[in-house]
Amino acid sequence: QAQVAESGGGSVQAGGSLRLSCVASIHGYISYTMGWFRQAPGKEREGVASIDSDGNTYYADSVKGRFTLSKDNAANTLYLQMNSLRPEDTAMYYCAADNPFVDARAFLDGLVDPDYWGQGTQVIVSS
């Protein structure tokens, strides 16, 4: 069964770093549009970063310059390196994937409903 699964969340102090991983068990993973979303308690889900089949990456303004999205095609794994973490980054982080025809910017903006969602991994940043 096709799926994505996240790992790597945890608790850190402000200014610290975490790396989230998302392993995709999807046929044709390499060409899929993929990315990360997050949802904090009482807030709507928001896009964090996305990557298209050509490797182009897109970021929410709130994480630009601090988060880096990368993909290891050999390992079927998507990574989100999060540096200079802030308390407002505290949220449940979800990996998602959709077919290659989905525009990665529309994906990031929540204009499409991805085909695949992970269960989420919690990130807590304390001040």
Side-chain angles (χ1 to χ4, degrees):
Q1 181 177 352
Q3 62 179 6
V4 294
E6 311 94 335
S7 62
S11 296
V12 295
Q13 291 192 326
S17 298
L18 283 173
R19 187 176 79 159
L20 305 184
S21 300
C22 171
V23 177
S25 303
I26 303 172
H27 179 69
Y29 152 84
I30 290 176
S31 59
Y32 267 59
T33 297
M34 297 190 68
W36 292 88
F37 293 81
R38 67 186 181 185
Q39 188 166 20
K43 294 189 176 181
E44 292 188 357
R45 185 177 66 201
E46 63 175 351
V48 176
S50 64
I51 186 167
D52 65 20
S53 57
D54 292 325
N56 300 305
T57 53
Y58 304 90
Y59 298 92
D61 288 343
S62 58
V63 306
K64 280 180 184 176
R66 301 188 298 123
F67 291 12
T68 302
L69 190 62
S70 61
K71 202 173 174 187
D72 183 342
N73 289 330
N76 280 16
T77 303
L78 183 72
Y79 299 103
L80 183 68
Q81 177 66 43
M82 306 187 295
N83 298 329
S84 302
L85 282 162
R86 304 167 179 168
E88 53 264 39
D89 295 317
T90 294
M92 185 71 80
Y93 283 70
Y94 298 91
C95 177
D98 213 331
N99 72 75
F101 302 104
V102 169
D103 182 86
R105 285 162 293 189
F107 181 99
L108 179 65
D109 290 341
L111 299 178
V112 297
D113 186 15
D115 288 339
Y116 303 99
W117 287 96
Q119 293 298 308
T121 186
Q122 182 71 51
V123 171
I124 299 173
V125 185
S126 57
S127 57

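Keep in mind that the numbers below use all heavy atoms, side chains included, and drop hydrogens, waters and symmetry copies.
- Rounding to the nearest 0.5 Å places CD of E44 at 8.5 Å from CD of Q39.
- Contacts of E88 classified as salt bridge (Lys or Arg N to Asp or Glu O under 4.0 Å), with partners at least two apart in sequence or in another chain: none.
- Applying the side-chain contact (heavy atoms from CB on, under 4.5 Å) rule to S31 yields the partners S53, P100; only residues at least two apart in sequence or on another chain are considered.
- For the ring pair (Phe, Tyr, Trp, His ring centres under 6.0 Å) condition, no pair includes a residue of residues 54-85, sequence neighbours left out.
- Taking the salt bridge (Lys or Arg N to Asp or Glu O under 4.0 Å) definition, one finds that K43 meets it with nothing, sequence neighbours left out.
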Kindly list each side-chain donor-acceptor pair under 3.5 angstrom involving residues 10-20, sequence neighbours excluded, with atom names and distances?
{"residue": "S17", "atom": "OG", "partner": "N83", "partner atom": "OD1", "Å": "2.9"}

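- Taking R86 as the reference, nothing meets the side chain to side chain donor-acceptor pair (under 3.5 Å) condition, with sequence neighbours excluded.
- With sequence neighbours excluded, the residues forming a side-chain contact (heavy atoms from CB on, under 4.5 Å) with S84 are R66, listed by chain and number.
- The two residues G9 and V123 come nearest to each other via the heavy atoms CA-CG2, 4.2 Å.
- The backbone N or O of A91 lies less than 3.5 Å from a partner atom in the side chain of Q122, making a donor-acceptor pair.
- In this view, N76 and Y29 satisfy the side-chain contact (heavy atoms from CB on, under 4.5 Å) rule, not counting sequence neighbours.
- The shortest non-hydrogen separation linking T90 to V125 is OG1-N, 2.8 Å.
- No donor-acceptor distance shorter than 3.5 angstrom exists from the side chain of Q3 to the backbone of G118, with no hydrogens or angles considered.
- Here the side chain of T121 pairs no donor or acceptor atom with the backbone of S7 at under 3.5 angstrom.
- For the atom pair S70 OG and L80 CG, the distance stands at 8.5 Å (nearest 0.5 Å).
- Listed by chain and residue number, nothing satisfies the side chain to side chain donor-acceptor pair (under 3.5 Å) test with D54 (two or more places apart in sequence, or in another chain).
- For A5, the side-chain contact (heavy atoms from CB on, under 4.5 Å) test picks out no residue, with sequence neighbours left out.
- Note that CG of D98 and CG of D115 are 4.0 Å apart. Values are rounded to the nearest 0.5 Å.
- Listed by chain and number, the residues in a salt bridge (Lys or Arg N to Asp or Glu O under 4.0 Å) with D103 are R105 (sequence neighbours excluded).
- Other residues sharing a hydrophobic cluster with Y94 under the 4.5 Å side-chain heavy-atom criterion for ILVMFWY residues are F37, M92, V102, F107, V112, W117.
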